[in-house]
Amino acid sequence: MKKVMVGMSGGIDSSVTAYMLQKEGFEVEGCYLKLHNRTDGYHEQNLSYIEDVAKFLDIKYHVLDLSQKFEEEVYDYFVDSYLEGTTPNPCVKCNRQIKFGAMLDFAKEHNASYLATGHYVKTDGKFIYEADDNTKDQSYFLSQVDKEALPYMMFPLSTYKKEDIIKFGAKLDVAYKRITEKNESQEICFVETVYTDVVKRHANIDIPGKVLDEKGNVVGEHKGYMHYTIGKRRGFTVHGAQEPHFVTKLDPKNNTIVVGKKTALEVNNVEAENLNMFIDEKEFECTVKLRYRSVSVPCKVTIEDDKAKITLTEPAFGVAAGQLAVFYEENKVIGSAWIKATS
């Protein structure tokens with residue numbers, strides 16, 4: 001009987017994943033990641049759900065404390081990105097370094113043949129593919145995972161709809177029903193309210209500055225550059241503006257932001273670095289997602305010296321440095337890279 005380690009968060013997706021794999025005949029063990037030292041009962045509550053599910057399934061589970069590694073690899077990067085005026089994607093970093101890095105190592109040390117999670121995504125051991133439920137698809141967030149990890153990954157929810165998993169869980173057992181009644185966890189686990197509350201602990205973000213137009217003229221005021229991301233259209237003044245203005249650039253050094261009309265957000269070319277490719281070609285045509293909720297845009301990609309030049313065949317709007325460009329061939333992820341600059 002093959003052993004599977006299931007990354008259990010205390011949520012319904014990973015709890016149902018553990019049940020499904022056990023029903024398929026695998027020996028299942030759970031693993032809860034302690035990634036930060038929240039003192040609001042966050043871990044205690046999650047572990048109480050896991051405890052109930054583990055009892056129902058009669059499986060054992062581990063608590064793996066990776067808070068130190070998480071702080072260095074994910075949390076510090078998150079804060080530093082905002083200080084540098086870029087928009088981070090901590091879930092992508094966490095999936096590569098923590099969940100399918102350190103947790104996979106832990107699973108192997110415990111003689112597990114596979115690591116399974118409740119992500120809505122597919123893999124065949126060589127590539128990652130979009131899940132059947134497009135509204136929940138998480139292929140974007142997993143596109144930086146090391147390809148060496150793919151043969152060990154399992155995603156039993158890849159063909160299901162989220163609402164069906166909730167319905168199924170609610171009927172399964174009281175341990176599961178209790179989970180379906182709690183609020184869904186937010187996207188970023190260590191952000192309890194808004195990202196600025198996290199950054200505030202490390203820097204004074206409320207230093208008012210000047211709003212500039214594209215020619216460098218002062219046209220208004222803002223409350224501190226870290227409050228803004230590319231494409232934001234509120235929270236600053238533009239004197240005499242008749243139509244909406246959007247943030248197009250951030251300058252941390254001078255604490256200024258540049259704004260323009262919607263057309264100023266138009267991007268035709270993207271430069272990206274730190275590639276994670278699943279194919280060997282250096283020139284190809286594909287579609288690219290430039291942020292999680294965006295529509296895929298057709299493009300041409302040229303790779304040289306671990307950098308990608310992405311030429312879009314139709315313009316994209318509000319593309320931010322620090323976000324991820326994910327390359328797709330239909331529903332297959334063929335690689336990804338971190339956005340460095342746009343034009």
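Of the possible donor and acceptor atoms, none in the side chain of Glu271 sits under 3.5 Å from a partner among the backbone N and O of Thr342.
Partners of Glu71 according to the side-chain contact (heavy atoms from CB on, under 4.5 Å) rule, which considers only residues two or more places apart in sequence or in another chain, are Tyr75, Asp76. Asp40 pairs by the salt bridge (charged side-chain N to carboxylate O under 4.0 Å, His left out) definition with Arg38, not counting sequence neighbours. A search for ring pair (Phe, Tyr, Trp, His ring centres under 6.0 Å) contacts involving Tyr32 returns His43, not counting sequence neighbours. Every residue was checked against the salt bridge (charged side-chain N to carboxylate O under 4.0 Å, His left out) condition with Arg233, not counting sequence neighbours, and none meets it. Applying the side-chain hydrogen bond (donor to acceptor under 3.5 Å, both in side chains) rule to Lys122 yields the partners Asp132; only residues at least two apart in sequence or on another chain are considered. Checked against side-chain hydrogen bond (donor to acceptor under 3.5 Å, both in side chains), His36 has no partners two or more places apart in sequence or in another chain. Evaluation of the side-chain hydrogen bond (donor to acceptor under 3.5 Å, both in side chains) rule for Thr117 yields His119 as partners, not counting sequence neighbours. Qualifying side-chain contact (heavy atoms from CB on, under 4.5 Å) partners for Lys126, counting only residues two or more places apart in sequence or in other chains: Asp124. Applying the side-chain contact (heavy atoms from CB on, under 4.5 Å) rule to Glu221 yields the partners Thr237, His239; only residues at least two apart in sequence or on another chain are considered. Taking Lys340 as the reference, Glu273 meet the side-chain contact (heavy atoms from CB on, under 4.5 Å) condition, with sequence neighbours excluded.
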Atom pairs and distances, side-chain donor-acceptor, residues 312-324, under 3.5 Å, sequence neighbours left out:
| from | atom 1 | to | atom 2 | distance (Å) |
| --- | --- | --- | --- | --- |
| Thr313 | OG1 | Pro298 | O | 3.0 |
| Gln323 | NE2 | Thr87 | O | 3.2 |
| Gln323 | NE2 | Pro88 | O | 3.0 |

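A salt bridge does not link Lys167 with Glu163: every distance from a Lys NZ or Arg NE/NH1/NH2 to an Asp or Glu carboxylate oxygen is 4.0 Å or more. In summary, Arg178 and Asp52 engage in a salt bridge, as defined by a charged side-chain N under 4.0 Å from a carboxylate O. Remark: Lys309 does not engage Glu304 in a salt bridge, criterion side-chain N to carboxylate O under 4.0 Å.
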Go through it in stages, so that I can follow the logic: the residues are Asn254 and Thr256, the test is side-chain hydrogen bond (donor to acceptor under 3.5 Å, both in side chains), and I'd like the CA-CA distance, side-chain angles, deciding distance and then a yes or no. CA-CA 5 Å; Asn254 298 306; Thr256 57; 5.3 Å; no

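Relative to the six-membered ring of Phe127, Lys332 meets both conditions, a distance below 6.0 Å and an angle of at most 45° to the axis. For the pair Lys136 and Tyr120, the cation does not sit on the ring face, since its NZ or CZ is not both under 6.0 Å from the ring centre and inside 45° of the axis.
Listed by first and then second residue, the ring pair (Phe, Tyr, Trp, His ring centres under 6.0 Å) pairs that reach into residues 1-25 are Tyr19-Phe168, sequence neighbours excluded.
Here the closest non-hydrogen pair linking Ile188 and Pro90 is CD1-CG, 3.9 Å. What you find for Cys189 and Tyr42 is that their closest heavy atoms are CB-OH, 3.5 Å. The minimum heavy-atom distance between Ala203 and Met226, with the atom names listed, is CB-CE, 4.3 Å. Closest approach of Lys182 to Tyr49, counting heavy atoms only: CD-CE1, 3.4 Å.
Side-chain atoms of Glu29 and His110 include no donor-acceptor pair closer than 3.5 Å.
Taking the six-membered ring where the residue is Trp, Phe141 and Tyr292 present tilted rings, their angle falling between 30° and 60°. Classified by interplanar angle (parallel below 30°, tilted 30° to 60°, perpendicular above 60°), the ring pair Tyr82/Phe78 is perpendicular.
Atom CG of residue Asp65 and atom NZ of residue Lys34 lie 5.0 Å apart, to the nearest 0.5 angstrom.
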